[in-house]
Protein chains: 2
Amino acid sequence: MTPTPAVDPADLLRLDKQICFSLHAATRAFNGVYRVLLKDLGLTYPQYLVMMVLWEHGELPVKRLGEHLRLDSGTLSPLLKRLEAAGLVRRERSTRDERSVEVRLTEEGQALHERALEVPRRIATVTGFDLDELRDLRSRLDRLTTALDEAALEETPGCR
Amino acid sequence: MTPTPAVDPADLLRLDKQICFSLHAATRAFNGVYRVLLKDLGLTYPQYLVMMVLWEHGELPVKRLGEHLRLDSGTLSPLLKRLEAAGLVRRERSTRDERSVEVRLTEEGQALHERALEVPRRIATVTGFDLDELRDLRSRLDRLTTALDEAALEETPGCR
DNA sequence: CACAATTCAATTGTGCACAACTCAATGGCG
DNA sequence: CGCCATTGAGTTGTGCACAATTGAATTGTG
């Protein structure tokens, strides 16, 4: 098999801790900055992610939305209800397939797009990020995610 | 000021979406893999992070724990109660400063350390990660977090 | 056509993140 | 010493993540 390198398990645990912390911390730091910027728009961070998908695709069933965001109905259903209560989206049972629910932007939801264009500009300004570096970080994270997803599949108990 | 590059705001929003998604997705993918591995130990991912700090420091007040993890008492108090209910830690009011609560490992909590050494090894094995690349990713994430934190300070409404 | 398996959204229950708040202990300062 | 601002933990309320379950609609198969 793999020629296991001579790494002290305790060091590995320490490194593991550092990775976990870093990712955890980065996510929450991201969240915190967005929280402030999104307050003006009346959106939470996950709601912002949902709206971005809708701004791009206009209208789509909950299922597709979930695929884009890696979220299931348990998370999306209440979130979408709140967006509907805020007047940003409407939810309608599909007439073609009554199991499915179509989510579409209201005019108000559409209009929010204009104001949302400000957000990434302010993020970029405020953090002084280099665009290329961000792209690079993104691709690394994506590779990480892919590797983890594949690992998760093999790791699932009882899947052999 | 900064010589603003000619970037279409819509492209920026798209890139923003990608970064947000990637970070969000990576965190959740990480979480998912750990969830499976930690099930054996009876820990959630955040509980694992808390235990790692305790394994390293042995005993410390809730306040210090929160500083290590960037978490406040609102998150830690109930989490620590669950760890106490599981018999892994004990919480005792400090006699020196009765505002503060010391968190220390029980023998059972100490013993779990041995089994926890397995976790990062299995993560490393299962994902086939290169240690150097992980270290590199970690430093990038840390720089991101630092930049975001500084940005958050300047961005806080009413701080000028 | 009828029935079983699948698909999709919603609900329930647990746990985490965080803001806002309470309350007691502490520490300074006049 | 007495008062008051600060500190530390805990509580409450809102929202997200996810597993497990429910129930209705649809699809596949005999």
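Listed nucleotides C/dA9, D/dC18, D/dA25 differ in distance to A/R93; the shortest reach to its side chain belongs to C/dA9. Side-chain proximity of B/R28 to the nucleotides C/dA17, D/dA9, D/dA17 is greatest for D/dA17. You'll find that the side chain of A/L71 is closest to D/dA17, out of D/dA17, D/dA25, D/dA9. For B/D72, whose side chain is taken as the heavy atoms from C-beta onward, the closest listed nucleotide among C/dT26, C/dC18, D/dG15 is C/dC18. Distances from the side chain of B/R35 to the nucleotides D/dT26, C/dA25, D/dC18 place D/dC18 closest.
B/L141 and A/A26 get closest at one heavy-atom pair: CD2-CB, 4.0 Å. Minimum interatomic distance between A/S94 and A/E102 (heavy atoms only, all atoms of both residues): CB-CG, 4.2 Å. Minimum interatomic distance between A/L76 and A/L65 (heavy atoms only, all atoms of both residues): CD1-C, 4.2 Å. Minimum heavy-atom separation, A/G109 to A/W55: O-NE1, 3.0 Å.
Aromatic ring orientation, A/Y34 versus A/Y48: tilted (interplanar angle from 30° to 60°). Ring geometry, A/F30 versus A/Y45: the interplanar angle exceeds 60°, so the pair is classed perpendicular (tilted spans 30 to 60°).
Within the 4.0 angstrom heavy-atom criterion, no nucleotide atom of any strand lies near A/R64.
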Protein-nucleotides 11-13 of chain C N/O pairs under 3.5 Å:
unit_1 : atom_1 : unit_2 : atom_2 : d
C/dT11 : OP2    : A/K81  : NZ     : 3.0

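Distance CZ (B/R99) to C1' (D/dA5): 12 Å, rounded to an integer number of Å. C/dA17 atom P lies 12 Å from atom CG of B/L80, rounded to whole Å. Between the CD atom of A/E84 and the P atom of C/dA10 there is a distance of 9 Å, given to the nearest Å. Rounded to a whole Å, the CZ atom of A/R91 is 13 Å from the C1' atom of C/dC8. Remark: P of C/dT7 and CD of A/E67 are 12 Å apart, rounded to the nearest angstrom. Taking atom OH of B/Y34 as the reference point, atom P of D/dC18 lies 16 Å away to the nearest angstrom. Between B/K39 atom NZ and D/dA20 atom C1' there is a gap of 11 Å when expressed in whole angstrom units. The CG-C1' distance, from B/D97 to D/dT6, rounds to 12 Å in whole Å.
For the pair A/D40 and A/R115, the salt-bridge criterion is not met [side-chain N within less than 4.0 Å of a carboxylate O].
Neither OP1 nor OP2 of D/dT26 sits under 4.0 Å from any side-chain N or O of A/R96.
Along DNA chain D, the nucleotide nearest A/P46 and the nucleotide nearest A/T95 are compared for position; the residue whose nucleotide lies closer to the 5' end is A/P46. Each of B/L76 and A/Q47 has a nearest nucleotide on DNA chain D; the 5'-most of these lies closest to B/L76.
When each of A/L83, A/L49, A/V50 is tested with A/L43 by the rule side chain to side chain contact (heavy atoms under 4.5 Å, CB included), just one qualifies, namely A/L83.
In a base pair of the Watson-Crick type (N1 to N3 plus N6-O4 or O6-N4) or a G-U wobble (N1-O2 and O6-N3), with each distance short of 3.5 Å, D/dA17 is matched with C/dT14.
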